[in-house]
Amino acid sequence: MSNEEQKFSDEFINAFVDDQLTPEEKAQVYARLSGNEALSRQICELRKTRDLVQLAYKEPPMPARGMATLSAGRKIGLGVAAGLMLVIGGISGWFLHQSHAPQNIAVAQPGVSAEEQAKVLFHVSDGNAKHLKSVLDDVEDLMKHYRRSHQNARVEVIANGEGLSLLLAGISPYAERIQKMQKEYHGLTFVACQNTIDRYQQELGLTAKLLPGVVTIDSGVAQIMRRQHQGWAYLQV
Amino acid sequence: MRKFFLLSLMAVLPLGLIPVNAGHAAGANKVIYHVNLGNEQASDALRNISNHLAVDPTAKIVVVTHSAGIDFLLEGAEDKNGNPYSGPVAALAAKGVEFRVCKITLERRKIDPKKVIPEAKLVPSGVVEVTKLQQEGYAYLKP
């Protein structure tokens, strides 16, 4: 079987993952997948990578305009870490799924284990200062919890609407605290909604200046949907 | 050959080509109501839950509270019209609704755990509870 496996070029397998093969060619791959763990895993990983690429953060607007951006090092670090986690998650999910397949319906535990990475999304849309403090308290408590339990975690705090004020330089009452939290917890990312930023610009003539290290996403709402589809837990706070 | 092909397909299907978490039990109507904003939101939640159970009496409902959301589960709590929360909470608890209160919030706000009404159960962290339940297949509702 391993000799036959050599016949598939990387391009061919990539085309399979991207759904660009003819039905006949696809059938060849499916046939070969049977009992071929290496090939299955390769395809599984390619799919994960593809999804990751599709969902990668958009570049924030130019820093020259006063928008904050990630340093190149941190960005690459994030990407590599995220990629690794996805691959690890994918493989462990795959094995879990394999071993638990028959009981799956009864247990309804979609590949959750202590070792697996926790992924949690906080959605902030209210700009009240007292409220924003309790949001940061909640986020920090969660990060501490994962640290104590030695669990890998990716946590995103997505701000849109009035919640964007949490992440605006010169406006956020908690700029220093956010900076501290970013340094303290590497799995934590603050994300601003580009739609909201654009709306502020159009309606109020405000050019939003984001705090350092804050990334932007095209649409906060779309990101929330994507993340939930990817299995992230969601909290509106 | 055809048989081989079919067998191959069967072998492929569990390999992650379908989403790993597609296996929730059919009809598993488990729902989190997330309450963290205060009594006004809690009143909405209690009303929503009554309606929810009227439509779907088999729904498994867990109310997870933290921050200002725990207030309605403290002894003597009243809504804005002066009606105690304990009545409607006890009625829903009798129908199987679970109420959970965040310990971190109690510590942070220096509230004696004894002040939490007996229908509610303490959990180490409300936020962690919400994430765990979602991993167990609970849907998330924010009233």
More than 12 heavy atoms of other residues, nucleotides or ligands under 6.0 Å from CD of Glu119(B): yes or no? yes
Checking the side chain of Tyr140(B) only, and the main-chain atoms of Gln236(A) only, is there a donor and an acceptor separated by less than 3.5 Å? yes
For the NZ atom on Lys132(B), are there more than 12 heavy atoms of other groups (residues, nucleotides or ligands in this structure) within a distance under 6.0 Å? no
How far does CD of Gln228(A) sit from CD of Gln134(B), to the nearest 0.5 angstrom? 6.5 Å
Heavy-atom donor-acceptor pair, Gln135(B) side chain to Ala233(A) backbone, under 3.5 Å: no
So what's closer than 4.5 Å to chain B heavy atoms on Val237(A): side chain, backbone, both or neither? both
Whether over 12 other heavy atoms sit under 6.0 Å from Lys95(B) NZ: no
Walk me through whether Asp141(A) and Ser125(B) qualify under side-chain contact (heavy atoms from CB on, under 4.5 Å). CA-CA 8 Å; Asp141(A) 288 338; Ser125(B) 154; 5.7 Å; no
side-chain contact (heavy atoms from CB on, under 4.5 Å) for His145(A) and Ile104(B)? Distances and angles first, verdict last. CA-CA 11 Å; His145(A) 162 82; Ile104(B) 294 175; over 6 Å; no
Side chain from CB out, backbone as N, CA, C, O: work out which of these in Thr131(B) comes under 4.5 Å of a heavy atom of chain A, or both, or neither. both
Could you tell me whether Glu40(B) atom CD has more than 12 heavy atoms of other residues or ligands within 6.0 Å of it? no
Assess the residue pair Leu37(B) and His131(A) against the criterion (side-chain contact (heavy atoms from CB on, under 4.5 Å)); give the C-alpha distance rounded to whole Å, side-chain angles, the decisive distance to 0.1 Å, and a yes or no. CA-CA 8 Å; Leu37(B) 301 176; His131(A) 177 70; 3.5 Å; yes
Looking only at heavy atoms and a cut-off of under 4.5 Å, which of Leu142(A), Asp126(A), Leu235(A) has the most pairs with chain B? Leu235(A)
